[in-house]
Amino acid sequence: MMKILLLNGPNLNLLGRREPDVYGSDTLASLEAEVVAYGEQKGVKVDCFQSNHEGVLIDKLHETLCLHYDGVVYNPGAHTHYSYALRDAVAAIDIPVVEVHLSDIEAREPFRALSVIAPVCIAQIKGKGKEGYKEALDVLLENADS
Ligand code: DQA
């Protein structure tokens with residue numbers, strides 16, 4: 001069975017109450033439950049993890065190697081725009097990573113338009129809310145088939 005890590009970065013623990021007009025009213029727990037259920041339908045095991053700390057997220061990405069993950073669905077939050085350390089971690093693991101954003105980062109403040117992580121991901125999905133996470137899982141499945 002394919003095994004995927006659903007990774008969420010800083011401030012995403014506050015989903016539901018954090019700027020709901022931008023990020024929606026679902027909590028992280030309900031979003032995770034939905035993606036896990038979607039994975040089950042597709043025969044994929046989805047493990048979920050969130051942290052507000054750069055180093056913890058780097059360690060988690062490294063761990064995907066020894067825990068034999070097949071892919072990562074990753075919303076790096078604000079790290080997207082400046083963390084070369086997380087970009088290097090994604091590049092280092094040699095496992096397909098799909099970057100996801102709830103909001104359309106290109107349609108917001110100019111500093112959000114740039115992702116330093118996207119160039120080392122196999123795809124970037126933005127502006128589709130929680131549906132984007134499921135689409136990311138589909139991208140990983142298609143990538144595994146090809
Ligand atoms: C986000 C977009 C980022 O710019 C922001 O810092 C976030 C969430 C999104 O899901 O739309 O924390 O990654």
Side-chain angles (χ1 to χ4, degrees), residues 2-42 44-65 67 69-144:
M2 201 170 158
K3 201 168 86 168
I4 299 291
L5 176 66
L6 171 57
L7 190 61
N8 279 289
N11 300 304
L12 291 161
N13 56 312
L14 290 184
L15 275 185
R17 62 164 109 153
R18 169 191 185 208
E19 304 181 71
D21 45 320
V22 179
Y23 299 118
S25 53
D26 286 320
T27 61
L28 180 62
S30 72
L31 184 150
E32 288 175 343
E34 236 181 270
V35 180
V36 168
Y38 185 73
E40 274 165 14
Q41 279 175 37
K42 302 256 168 178
V44 180
K45 184 176 187 294
V46 179
D47 293 336
C48 305
F49 186 79
Q50 187 275 333
S51 176
N52 294 323
H53 306 281
E54 190 177 43
V56 172
L57 289 157
I58 292 169
D59 288 345
K60 199 70 191 177
L61 284 163
H62 291 178
E63 215 180 87
T64 60
L65 288 176
L67 297 180
Y69 278 94
D70 301 295
V72 181
V73 173
Y74 183 22
N75 184 343
H79 284 145
T80 305
H81 315 300
Y82 67 89
S83 177
Y84 298 121
L86 280 163
R87 175 199 166 113
D88 285 353
V90 169
I93 59 173
D94 197 26
I95 287 171
V97 177
V98 177
E99 181 182 305
V100 179
H101 301 283
L102 292 154
S103 66
D104 181 357
I105 54 172
E106 277 183 52
R108 300 180 61 195
E109 301 95 323
F111 75 87
R112 294 189 201 274
L114 173 77
S115 170
V116 301
I117 296 177
V120 290
C121 293
I122 63 164
Q124 183 198 61
I125 296 166
K126 56 183 190 295
K128 296 186 172 174
K130 65 183 175 182
E131 292 307 311
Y133 285 83
K134 298 179 198 169
E135 213 175 294
L137 207 78
D138 288 336
V139 171
L140 288 171
L141 280 166
E142 280 159 27
N143 181 69

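Quick caveat, the model's predicted, so the values are computed rather than measured. One-based numbering, in listed order, for ligands and for the atoms of each.
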Subject >> Structural part of V22 in contact with ligand 1, heavy atom criterion under 4.0 angstrom >> reply: neither
Original post:
Just wondering, do L12 and L102 contact through their side chains at under 4.5 Å, heavy atoms?
Top reply: yes
**OP:** Would you check if the side chain of E106 reaches a backbone N or O of A113 as a donor-acceptor pair within less than 3.5 Å?
**Re:** no
**OP:** For the pair H81 and F111, name the ring-plane relationship: parallel under 30°, tilted 30 to 60°, perpendicular over 60°.
**Re:** perpendicular
**OP:** Using a 4.0 Å heavy-atom cut-off, say whether R18 meets ligand 1 through its side chain, its backbone, both or neither.
**Re:** side chain
**OP:** May I ask you to check if ligand 1 and L12 share an N or O to N or O distance below 3.5 Å?
**Re:** no
**OP:** Could you see which bit of H101 sits under 4.0 Å from ligand 1, with heavy atoms only: side chain, backbone, both or neither?
**Re:** both
**OP:** Give the residue and atom name of whichever protein heavy atom lies nearest to atom 11 (O) of ligand 1, and the separation in Å to one decimal.
**Re:** S103 OG, 2.6 Å
Original post:
Does any N/O atom on N75 come nearer than 3.5 Å to any N/O atom on ligand 1?
Top reply: yes
**OP:** Evaluate side-chain contact (heavy atoms from CB on, under 4.5 Å) for E131 paired with E34, printing each intermediate quantity in order.
**Re:** CA-CA 10 Å; E131 292 307 311; E34 236 181 270; 4.3 Å; yes
**OP:** Return yes when T80 approaches ligand 1 closer than 4.0 angstrom through a heavy atom, no otherwise.
**Re:** no
Original post:
Which atoms of ligand 1 have any heavy atom of H81 under 4.0 Å away?
Top reply: 3 (C), 4 (O)
Subject >> Region of N11 engaging ligand 1 - heavy atom pairs below 4.0 Å >> reply: neither
Original post:
Within less than 4.0 angstrom of ligand 1, does K126 place any heavy atom?
Top reply: no
